[in-house]
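Take a look at the structure set out below.
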Amino acid sequence: MTASATDAAEAMARRVVSEYGVTYAHEAGIRLRDTPAPLYRLLVLCVLLSVPIRAPTAVAAARELFEARLRTPRRMADSRWQERVDALGRAHYRRYDESTATALGDGARLLLGRWKGDLRRLRDEADGEPARVRELLQEVPRIGPTGADIFCREVQDVWPRLRPFADARVREVAGSLGLPRTPRALAALVPSGDFVRLADGLVRVSLSPDAAARLLT
């Protein structure tokens, strides 16, 4: 990149962070740390975001589950199925409420049995390798490639070996705005603490019909 092109890319990245850079974890009320409970809450959010439903509805559903004190694998596993369905229903998480309630219970039991309720053990089993982390995450019921990407994108601030992680959607939107498509070059545009906000901001741009056009004018 020329100096002027770099300046323009940095300015665009700053706008994305400023105008759209709210992480999904923050929106769901998760104060992300490298400890079991917030990591599990992030996993729950990713389960909810893994179906074709509006992101605000999934975030609201996560908040309802957490408000119902279903914040750890043990509490989720011990909860009644109907309790989970009711929490999802309060957020209008329709069509997928019953199957998701089942997936949440099954996933909590898997996490307890295989990784003792601690996703850091999953990371260690993967030796911190991003591709392997994504593979292991997809063993959790309902988590597919999209959910695994969301988890890795959000968690990279507290799992540094994943940095810089930018999934295909992030890279595609970045290219459409004239930003670099490679994770490392994209991360170089903002301070390290803002990269997750940039990545999530680019996802939010893709979900807003006129956001890209407005940013480019």
same_hphob_cluster([X], [Y]) at 4.5 Å side-chain heavy-atom cutoff:
X: L198; Y: V170; answer: yes
X: L207; Y: L45; answer: yes
X: L42; Y: V59; answer: yes
X: V44; Y: L110; answer: yes
X: L65; Y: L39; answer: yes

If the threshold is 4.0 Å, N to carboxylate O, is there a salt bridge linking [X] and [Y]?
X: D78; Y: R109; answer: no
X: R214; Y: E19; answer: yes
X: E172; Y: R169; answer: no
X: R153; Y: D200; answer: yes
X: E125; Y: R114; answer: yes
X: R120; Y: D118; answer: yes

Is there a side-chain contact between [X] and [Y], using heavy atoms and a 4.5 Å cut-off?
X: V203; Y: V173; result: no
X: T72; Y: P36; result: no
X: R142; Y: S99; result: yes
X: S176; Y: V205; result: no
X: F151; Y: R134; result: no
X: L202; Y: Y20; result: no
X: R71; Y: M76; result: no
X: R171; Y: L186; result: no

Before you tell me yes or no, could you show the steps for W159 and R123 under side-chain contact (heavy atoms from CB on, under 4.5 Å), namely the whole-Å CA-CA distance, both residues' side-chain angles and the distance that decides it to 0.1 Å? CA-CA 9 Å; W159 285 6; R123 177 195 62 201; 2.9 Å; yes
Take atom CZ in R31; do more than 12 heavy atoms of anything else shown fall under 6.0 Å from it? no
Tell me, yes or no, whether the heavy-atom count around E139 atom CD, taken from other residues, nucleotides or ligands under 6.0 Å, exceeds 12. yes
What closest approach, in Å, do [X] and [Y] show between heavy atoms, and which atom pair accounts for it?
X: R90; Y: A68; value: NH2-CB, 4.2 Å
X: S79; Y: L70; value: CB-CD2, 3.6 Å
X: P183; Y: P164; value: CB-O, 3.4 Å
X: I143; Y: S50; value: CD1-OG, 4.0 Å
X: A101; Y: L88; value: N-CD1, 3.9 Å
X: A103; Y: P141; value: O-CB, 3.9 Å

Going by salt bridge (charged side-chain N to carboxylate O under 4.0 Å, His left out), name the pairs with one or both residues in residues 177-197, residues two or more places apart or in two chains. D194-R197
ring-ring contact (aromatic ring centres under 6.0 Å, His included) partners of residues 78-109, not counting sequence neighbours, each pair once: none
Any cation-pi pair here, R204 with Y24, using under 6.0 Å and within 45°? yes
Would you give the length of the straight line joining atom [atom1] of [X] to atom [atom2] of [Y], rounded to the nearest 0.5 angstrom?
X: F66; Y: R41; atom1: CZ; atom2: CZ; answer: 6.5 Å
X: E154; Y: I30; atom1: CD; atom2: CD1; answer: 8.0 Å
X: R94; Y: I53; atom1: CZ; atom2: CD1; answer: 9.5 Å
X: R84; Y: D97; atom1: CZ; atom2: CG; answer: 12.0 Å
X: S192; Y: Q156; atom1: OG; atom2: CD; answer: 10.5 Å
X: R33; Y: D157; atom1: CZ; atom2: CG; answer: 14.0 Å

Test side-chain contact (heavy atoms from CB on, under 4.5 Å), reference V155, set I150, L119, V133, L162, output is L162
